Amino acid sequence: MAKEEPTSTLKDLQELQKKLSLLLESFQNNSKFCPDALSLLHPTLKVVAFMKSPVGQYLDRHPFLALTLLVFIAVSAVPVGFFLLLVVFTSLAALVGVILLEGLVISVGGLSLLCVLCGLGFVSVALSGTIMVSYMVVSSLISFWFSPRLLIQQNPSTDCQLAMKAADFEGLYQE
């Protein structure tokens, strides 16, 4: 029984091959049935389909024009190829250039930002110092203008009271 199975499989494969060959022959004989499938099966079928078209029939009647067109297509392939290479290389160069330009702009911008921040730090230190010095000067002037000595000199009637308070403070410091 094991020997019968391989022979039946072999027969099935042969039948499948016959069916496929018949299908291919039917495609080749009837080009209107499925022209896309024909072009996939054989590249020469594209030529046959082109020769059946009106342009192909016109070129078949005018061989010099067909040869001229063929030579033109063959010769123009080189410049068209160079042009496409130029387009591809220019696009790549532009892409690399944009990346490099972006990197340059970011670097210059980062350095500019660093310089501006350092300048702002210096201005902040200078402004803080100026504010502190101004505060100390104004504070000293206010305490000098409104000191108890000036009040004593301006009000002689309260001289005794201030003298007593000053004596109390001196006593505290001596203890």
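The basis for the numbers below is simple: all heavy atoms, side chains too, and nothing from hydrogens, waters or symmetry mates. A quick note: this is a predicted structure, and the numbers were derived from the prediction, not measured.
Every residue two or more places apart in sequence or in another chain that forms a side-chain contact (heavy atoms from CB on, under 4.5 Å) with Ser53 is listed here: Phe50, Val55.
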Return all side-chain donor-acceptor pairs below 3.5 angstrom for residues 99-111, not counting sequence neighbours, or 'none' if the list is empty.
unit_1, atom_1, unit_2, atom_2, d
Ser107, OG, Gly103, O, 2.9

Could you list the donor-acceptor pairs under 3.5 angstrom formed between side-chain atoms of residues 69-96 and any protein atom two or more places apart in sequence or on another chain?
unit_1, atom_1, unit_2, atom_2, d
Ser76, OG, Phe72, O, 2.8
Ser76, OG, Ile73, O, 3.2
Thr90, OG1, Leu86, O, 2.5
Ser91, OG, Val87, O, 2.8

Which atom pairs, one a donor and one an acceptor, fall under 3.5 Å between side chains of residues 116-136 and the rest of the protein, sequence neighbours left out?
unit_1, atom_1, unit_2, atom_2, d
Ser124, OG, Leu120, O, 2.8
Ser128, OG, Ser124, O, 2.9
Thr130, OG1, Ala126, O, 2.8
Ser134, OG, Thr130, O, 2.8

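In the hydrophobic clustering of this structure, Met51 groups with Leu59; members are Ile, Leu, Val, Met, Phe, Trp, Tyr whose side-chain heavy atoms approach within less than 4.5 Å, directly or through other members.
Of the inter-residue distances, the one linking Ser139 atom OG with Phe144 atom CZ reads 13.5 Å to the nearest 0.5 angstrom.
Of all non-hydrogen atoms in Gln57 and Lys52, the two that sit nearest each other are NE2-O, 3.2 Å.
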